[in-house]
Every structure is written in structure tokens, then in C-alpha cells.
2 protein chains.
Amino acid sequence: MSVSIRDVARVAGVSVATVSRALGNGPVSDALRAQVEAAVKATGYHPNLSARRLRSQRSGTIGLVVADIRNPFFTAVAHAAEDAAYRAGLRLILCNTEEDPAREAIYLGLMQEERVSGLLFAPTRLTQKELPRQRFAYPVVLIDRTGPNSAHDSVTLDNHAAMGALIDHLVEQGYRRIGGLFGKTSNTGVERRNGYLAGMLAHGLTPDYREVAPSAVAAHAEATQWLARGDRPEALVTSNSLLMTGAMKAAREAGLRIPEQLALAGFDNESWTELVEPGITVIEQPVEEIGRTAMNLLLERLQNPALPVRKLVLGGRCIVRGSTQARASMAGVA
Amino acid sequence: MSVSIRDVARVAGVSVATVSRALGNGPVSDALRAQVEAAVKATGYHPNLSARRLRSQRSGTIGLVVADIRNPFFTAVAHAAEDAAYRAGLRLILCNTEEDPAREAIYLGLMQEERVSGLLFAPTRLTQKELPRQRFAYPVVLIDRTGPNSAHDSVTLDNHAAMGALIDHLVEQGYRRIGGLFGKTSNTGVERRNGYLAGMLAHGLTPDYREVAPSAVAAHAEATQWLARGDRPEALVTSNSLLMTGAMKAAREAGLRIPEQLALAGFDNESWTELVEPGITVIEQPVEEIGRTAMNLLLERLQNPALPVRKLVLGGRCIVRGSTQARASMAGVA
DNA sequence: GAACTATATGAAAACGTTTTCAGTCCATGT
DNA sequence: ACATGGACTGAAAACGTTTTCATATAGTTC
């Protein structure tokens, strides 16, 4: 059926060991190397990675387990990671957990069965709690979501500070009744919620927030209901771009003018946040850098397992747009 | 180091063959099966997929090779495919070619080395031309991009008709000078361009179009230059959502009112196309269905290789929004 | 009760590589 | 001329499974 290294060896008139060495980096005379290369071309040989991995005990594969590839943040991170893996000559296995801890557990086991060299992982809040108790057969670098007591390398945003900046900005622009819409399945959502609470407290404002499943439809449903109430907020912050999509849609449907009747601010500088009228104020995350450096941390860890745990916290950039324009001095208007 | 099936066998007091059978679906007595399961739990055994694949000659893996995972269309398709694979108990390997034929070739070879059971593939225009001449070691299902003379199963949109519908609609709304912005690396771009040409011809209009790299920045650059000219079009159609992003940004920067000074229509019903003012008219592709049915076609093909080639062409849905509002009767205005 | 048959189990071969080990050959230094 | 060593090569073991083959045991049929 499939052409194996034996076939190549036979055609080239050498031993299988020589073929293996010629294809790898072993010492082979130029003459034989040429013969082997010719034989490879003639036979159309492709090495069997399973056999190679089995024997060499190296998978040359790293896993990427994220919650939702449709979240543009993860899409961008995955893209950067894939690129870095390609450059390093490694394969990347992408797993989508749908924010489901059960599915997450299955994929984590699968990664071990694949004998991946390492893992980039954005855990659910639930499994993240279990992380300290869990033993992995491979190095793990957490992306986007980590906790204080995890023993893994990580690359995250300074969520607390970023959300704080958003609140400060809104307050400065004259908004007081600021509502929050946060994803409830990730620690990132929690951190941004905490940043929100701290920010509101610092300004002596009373917080008012909701936690929802991290999807546009969930946010839309919640926001629709919320914005219909008499005590709806003057401004709304969201913890990711999917939630912002849902919230904005709800605002449109409720006929609210932005920012006059509802200011908006959130995360992730998607291109549409600029195109939409009047432009959404967002915290831009360095997505490319997150994916790239996460992969680099992993590669360094593979090289040197004794390295101390490194937790990289990156800062976000606040991009101010029309959705948080200074509030006209009309205090007390519903 | 790693715990193997021998360790489990030793702990369970049975042979390795029995362990293998107990874990698979071989005939094993209930008593021994229980012993094995206990031993697995006690040892923390995880089967080595490389060894399993090598011996069984089944990879249980399918490849997904797309041009750009950041294109929301491919993101959605990948998501649906991953889900279908998960359900079928298969692994999915995602490869991103960046629209680069060289990278594409590398990944295609890699898929063979992985001994994937099958491949979902969105080829570049260049390699697509080579497709009829190429032999694959695995069944291939083309998604989004196919040609008339390919011998592979495929799932595509009726691009010609969809673009025709867009042109018809624009003409009906009173637009005459309709420009086109098309991606040049994919056959999909070509088909939509042909649909554009046919549509313009049918209405007796003179076409005017540009072909660019399929990215927002390329579209932005081209559109910026184009819209600055005196003979800029009254309407612009684009062949995908990335190009639309770039085009719209250029229109905004040029200070053009939509649709009064420039109508817009394109592909892919991204949520922002609804949120943006005045809403973009688009052809909605059944992305979930494309990913799902592509996977199904592949699974069926794996079951029965003798099946005739099946080319599935799906229809798009035209969603009319404000960006193509009826043109005020002001013929001849630049 | 003997001859089958079906079922469960273990021993060992096989999958396609890499890597170890043991050479073989040739150049080099004495 | 002879030992020493380096560079290359081939035979065979090993990686961790699944699967084939043989065997033992129990159950069935005449």
C-alpha cells in the first residue's frame, strides 16, 4: 500500500538506517545521500509520522485548547500561535471546548494521548480552579485566563487595570450609572468584573452588573431586558467583543442613541468597532503578541524545564471613540 | 517514564492482548474487564496514539487546510467542522496557509505524513489549477473553492448566482456605475467576479473592477485610491467580508455618505454588517451547513470510496439593508 | 461420552521508524 | 608496516500498540 522506508532503501541500494540518516541529520556520504534523495523522489516516499513519533518519543506537536474559536480574540491568538509553530517546525492541534468543562477534560486527556510536547491552554473558570491539583504530562502555558495560585507559565492581560481605565474614562466623561456585562465562564470575565467593582468603588459609585454566558445571543437577551427597565444605566461596559455585539444590537433595537442615551465601552479592537457609528471605545489587546509570546514561553520551557514559572502580564491600550463621548450636562435624565 | 499497556497488564494480572481488547471492543469476560479498568485507573494509563495509529493503520484524524482562519467565513466553517469531527470521534488538524501556495504544498505533504483519513481543503487558485493532475493519498473534499474539472467532492456556494442577485438588486435600486472589488487568490473571487461581469453585461452596463489580495488592508488601500478619483463608482460590491471592511473604512475616511454617495454590498452576514450604519446588504452563506456537510461528505466517502463524485452547490440568502437603499433620482451626479 | 463449536485468553508477530552497536574502510602518525 | 582513529554503513533492537494465531476451557449436539 503505502511506500515505506524499506522501499526507498531497496531502490537506493542502501540500508534503511542509511535512508533514515540521510533524511535526518546523520552522517552520510554525499554520494549515498544523493542516491537516497533520488529514490525518495522516485518512490514518492513520505515518512510515517506515527512511526517516527513512536520510536523517537518526540511528537513535534503542541496543542492549543481554547474555549471558542469564533471569539475573534481567540481566532487572532490561534493565528499567531499557528504561525509561530509553523516557523518552529511544529504541528499545532486546535481544540475547541465550547466553554464546556467536560469537553475540556476530554481534550486534555486527548492531548496526553497525542503525547504533545506542550500545551497552550485557555481554561474555563471551573477547570482553572482544579489546575493546582492537576498533574499534566506536558508543560502548559495558560493564555488569557490564569489565577494567582497556578504553577504554570502564563500570558494574560492586566484585566483589572484595563477595566479600571475604562471606568475612569467613563467617569471622567461624566457618566455615573455605569452597568457591567461580564462573561461568567472565564476567569478573565471575573477579573474584569473585579476591576469594574474596584473602579466603581474608587469613584464612590454603586455597581450594577450582570453575568452571562459569553456569547452574543446571551448578551443580547440580557441587555434587551435590562435596557427596557426604567433604571437602565447611562453607560455599559462589556468584558469581550461578543458581548459587545449583543449589547449594541439590543441598544439599537431599543432605539437608544449612542452615546447620548447609552454609552458603550468594551474589549478587543475589532475592525467593526471603528466602522460602527459612532465608534466603540475599547481596550485593544495585543493579540498577536499574546499568541507569539505564549508559544515562545512554551518553547523555552521545553528547552529548559527547570526555568522558574513566568507569568507575563501585558497591558492593554485604551482606544477612545465616539461611544463614550463626554456626557452633556443633563444630570438626572432617565 | 510514561505508563504503557504492559504496566496495566502487569497490575491487572493479564496479558497485554487482553488489556488491548478490554479497552477496544474485543471479547473479554466481565471479570477481567473490570480488573483492567481498575488497573487503568490505578496506573493513570493513557494509550499512545502514535503506537495505536502505527499498528492499526488508522489515524482517526482529518485535516482542515484553509487560507486564512481570520476570515470569519473560515472561522465559522472550521468551527462547524471541528464540532462534526468531535461528534464522530475524530481529531481535526487545522492548517493555515496564508493564501501561500508554497505553504499549501508543505501542509498537503504534511497531511500525508500524518496519514490523515481525509482532508477538507480550501485551495488557492494556483494549486487548484493543479488539482486534476495531483494524486492524493487520502480523500479530499473541497470547501468554498472548486473548479469545473476537479474530481473531488465539494461544497460551495453558487457564487455566480449570488453575485448576480446582488447586481440585479443594485440595478433595481437605481445604481448604474457599479464597481467590483474581488480577491484574486481564490477561485471563489474569480467566480464572483464572473457573476459580476455577467450581471453587468445582462443589464447593458460597463463593468469596472479591481482585484486585490484578500485582506482588509489591501482592500482599504485600493479603495482609498479608487474612491478619490473623479469617476468613482456609485456602488461597490466586494467578494468577501474582509474586503468589505477595508472598503467601508476607505469610504468613511473619504467622507462619503452611505448609500447616498456610495452604495455597498458584499458577502457574509457578519454581525457587524447589521450594526454598522446604515447596515450592509450582504449574501449570507450557510456557513455552519457548509462545514457540517463537508465533513459528512468526507465521512461517507471514507465509508464508501466507490461513491460517485458529489458537488454540492448551496444557495446564498440576500439580506437587504440600508447600504443599498433606492437611489434618489439624481441621474448624472458625480 | 465423543466430537464439535464457540468463547476467552495469551504469546508473538507486525506496523515503520530511529538509534544503538558493531563493524569496515581509509587516512594518518609513528 | 602497524596500530590508532575517524567517518561511514548495515544489522538488529526498540518504541507501544493491535491483531493473528494457537490453545485452553466450557458448552452444545449427536
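Order of the sequence lines fixes the chain letters, A, B, ..., with proteins taken first and strands second; residue numbering starts at 1 for each chain.
- At a threshold of 4.0 angstrom between heavy atoms, the contacts of Arg58(A) are confined to the sugar-phosphate backbone, with no base atom among them.
- For the pair Arg115(B) CZ and dT17(D) C1', the interatomic distance rounds to 17 Å; values are reported in whole Å.
- Both Ser50(A) and Thr18(B) sit near DNA chain C, but only Thr18(B) has its closest nucleotide nearer the 5' end.
- We find that CD1 of Ile5(B) is positioned 15 Å from P of dT9(C), with the value rounded to whole Å.
- Of the charged side-chain nitrogens involved, at least one lies within less than 4.0 Å of a carboxylate oxygen, so that Glu288(A) and Arg70(B) count as a salt-bridged pair.
- Ser15(A) has a side-chain polar atom (N or O) that falls below the 4.0 Å cut-off from OP1 or OP2 of dG10(D).
- Distance, Arg52(A) CZ to dT18(C) C1': 9 Å, rounded to whole Å.
- Comparing dT17(D), dT9(D), dG16(C) by their nearest atom to the side chain of Arg6(B) picks out dT17(D).
- At a threshold of 4.0 angstrom between heavy atoms, the contacts of Ser20(B) include nucleobase atoms, whether or not backbone atoms are also involved.
- Distances from the side chain of Pro27(A) to the nucleotides dG16(C), dA11(C), dT9(D) place dT9(D) closest.
- Below the 3.5 angstrom threshold, one finds no donor paired with an acceptor across the side chain of Arg55(B) and the base of dT17(D).
- Between Glu130(A) and Arg133(A) there is a salt bridge, since at least one side-chain N of the basic residue sits less than 4.0 Å from a carboxylate O of the acidic one.
- Nearest to the side chain of Arg21(A), among dT17(C), dT9(D), dT9(C), sits dT9(D).
- Taking the side chain of Ser29(B) as heavy atoms from C-beta on, and the options dT9(C), dT18(D), dT19(C), the nearest nucleotide is dT9(C).
- In this structure, the CG atom of Asp30(A) is 8 Å from the P atom of dC8(D), given to the nearest Å.
- Geometrically, Arg115(B) does not engage Tyr138(B) in a cation-pi contact defined by less than 6.0 Å to the ring centre and at most 45° from the axis.
- Between Ala51(A) and Val16(A), the residue whose closest nucleotide on DNA chain D is further toward the 5' end is Val16(A).
- When rounded to the nearest whole Å, the span between CG of Asp7(B) and P of dC15(D) equals 11 Å.
- Across all strands shown, Leu49(B) has no heavy atoms under 4.0 Å from either base or sugar-phosphate atoms.
- The residues Arg103(A) and Glu82(B) are annotated as salt-bridged, a charged nitrogen and a carboxylate oxygen being separated by less than 4.0 angstrom.
- The ring of Phe121(A) has its center no closer than 6.0 angstrom to the ring center of His152(A).
- Computed from coordinates, the Arg33(B) CZ to dT7(C) C1' distance equals 13 Å when rounded to whole Å.
- Within the 4.0 angstrom heavy-atom criterion, no nucleotide atom of any strand lies near Arg53(A).
- For Gln57(B) and dA14(C), the shortest distance from a side-chain N or O to OP1 or OP2 is not below 4.0 Å.
- In this structure, Tyr45(B) places its OH atom 7 Å from C1' of dG16(D), rounding to the nearest Å.
- Rounded to whole Å, atom C1' of dT18(C) lies 12 Å from atom CG of Leu54(B).
- Using a cutoff of 4.0 Å between basic side-chain nitrogens and carboxylate oxygens, Lys311(B) and Asp153(B) are not scored as salt-bridged.
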